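I have placed the structure first, in the form of structure tokens, so that the comments after it can refer back to it.
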Amino acid sequence: MSNKLERQKLTLPAGHDKLLLHSCCAPCSGEVMETLIESGIDFSIFFYNPNIHPVKEYEIRKEENIRFAEKHNIPFIDCDYDTDNWFARAKGMENEPEKGIRCTMCFDMRFERTALYAAENGFSLISSSLGISRWKDMKQINDCGHRSASHYEGITYWDYNWRKNGGAVRMLEISKKEEFYQQEYCGCVYSLRDTNRWRMSQGRDRIKLGVKFYSNAMDDES
């Protein structure tokens with residue numbers, strides 16, 4: 001057995017007995033979920049990602065996450081796909097770069113809804129799987145998480161670094177083992193646009209939705 005799959009047992013911050021985990025997708029949340037399960041932590045998945053575009057991509061990512069949650073008997077809370085709200089907030093930010101103010105708005109929006117649900121449903125601690133991705137700015141994510149939690153009395157954002165202790169490596173291993181859908185852009189229409197522009201500049205085809213999945217065969221790719 002590979003030592004990569006060994007995990008440190010986690011405990012929740014003092015004063016908290018369960019966690020509401022915002023999940024962006026199965027590949028990012030898989031390692032986080034397995035770590036929480038092995039640590040004996042009581043948690044639920046909160047899926048609120050109105051940024052994901054188009055609806056075909058949204059449904060694939062959501063169903064993959066539901067499949068993994070059901071496999072482990074983890075409660076899955078499916079929140080609204082209120083894209084009109086997201087686009088209204090993104091107005092004027094259409095040409096902002098990745099990790100810029102549009103992404104801050106997006107994280108704020110998703111975490112605010114997570115914190116609201118937590119406050120209304122008996123959770124005092126929230127966190128997110130977003131930070132495990134090396135493509136994300138962890139400080140940006142954590143700042144948004146803390147800011148959103150501060151709007152509700154008694155709600156705390158847990159800024160645990162899910163990448164450390166081999167978390168980022170196991171994330172990929174789990175994605176291959178489960179043959180998760182492989183997402184080729186962050187999620188929003190502007191990310192899809194910019195990724196396709198870059199691919200075309202490199203002589204590559206545009207992204208084809210719903211066709212690429214993780215598998216061990218990827219190890220043979222060059």
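Everything numeric here is computed off the predicted structure, so don't read it as measured data.
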Can Glu173 and Lys176 be said to form a salt bridge (Lys or Arg N to Asp or Glu O under 4.0 Å), step by step? CA-CA 5 Å; Glu173 291 181 351; Lys176 290 181 180 181; over 6 Å; no

Is there a continuous path of hydrophobic side-chain contacts, each under 4.5 Å between heavy atoms, that joins [X] to [Y]?
| X | Y | value |
| --- | --- | --- |
| Ile37 | Trp158 | yes |
| Ile132 | Met138 | no |
| Tyr152 | Phe123 | yes |
| Leu172 | Trp162 | yes |
| Ile141 | Met33 | no |

Less than 4.5 Å apart, any side-chain heavy atom of [X] and any of [Y]?
| X | Y | value |
| --- | --- | --- |
| Arg113 | Ser148 | no |
| Asp159 | His146 | yes |
| Trp86 | Met105 | yes |
| Glu98 | Thr195 | no |

Would Tyr58 and Phe47 satisfy ring-ring contact (aromatic ring centres under 6.0 Å, His included), going step by step from the backbone distance to the final call? CA-CA 11 Å; Tyr58 174 83; Phe47 192 87; 5.7 Å; yes

Closest approach of [X] and [Y], non-hydrogen atoms and distance?
| X | Y | result |
| --- | --- | --- |
| Tyr160 | Leu10 | OH-CD2, 3.4 Å |
| Lys18 | Leu125 | O-CB, 3.7 Å |
| Gly210 | Ile60 | CA-CD1, 3.5 Å |
| Pro27 | Tyr181 | CG-O, 3.7 Å |
| Ile174 | Phe68 | CG2-CZ, 4.3 Å |
| Pro50 | Arg110 | CD-CG, 4.1 Å |

Given the rule in the side-chain contact (heavy atoms from CB on, under 4.5 Å) test, do Glu31 and Ser175 qualify, once you have shown the distances and angles that lead to the verdict? CA-CA 9 Å; Glu31 158 60 14; Ser175 294; over 6 Å; no

Flag if over 12 foreign heavy atoms under 6.0 Å of CD, Gln8: no

Main chain of [Y], side chain of [X]: is a donor-acceptor contact present, judged purely on distance under 3.5 Å?
| X | Y | result |
| --- | --- | --- |
| Arg102 | Met93 | yes |
| Asn49 | Ile52 | no |
| Ser29 | Ser23 | no |
| Ser201 | Trp198 | yes |
| Gln140 | Gly100 | yes |
| Arg134 | Arg163 | no |
| Ser128 | Leu130 | yes |
| Ser150 | Arg147 | yes |

Is the charged tip of Arg89 near the ring of Phe107: under 6.0 Å from the six-membered ring centre and within 45° of its axis? no

Quick one: do [X] and [Y] make a salt bridge, cutoff under 4.0 Å?
| X | Y | value |
| --- | --- | --- |
| Glu64 | Arg67 | yes |
| Glu57 | Arg61 | yes |
| Arg170 | Glu34 | no |

When rounded to the nearest 0.5 angstrom, what distance separates [atom1] in [X] from [atom2] in [Y]?
| X | Y | atom1 | atom2 | value |
| --- | --- | --- | --- | --- |
| Ile126 | His16 | CD1 | NE2 | 10.5 Å |
| Leu21 | Phe43 | CG | CZ | 6.5 Å |
| Leu20 | Ile77 | CG | CD1 | 5.0 Å |
| Arg199 | Arg204 | CZ | CZ | 4.0 Å |
| Phe111 | His151 | CZ | NE2 | 13.0 Å |
| Tyr157 | Cys144 | OH | SG | 8.5 Å |

Classify the side-chain pair Tyr185/Asp194 by whether it contains a donor and acceptor separated by less than 3.5 Å. no

Steps toward side-chain contact (heavy atoms from CB on, under 4.5 Å) verdict (Met109, Tyr48): CA-CA 9 Å; Met109 180 178 179; Tyr48 177 64; 3.2 Å; yes

Over 60° means perpendicular and under 30° means parallel, so tell me whether Phe46 and Tyr117 are parallel, tilted or perpendicular. tilted

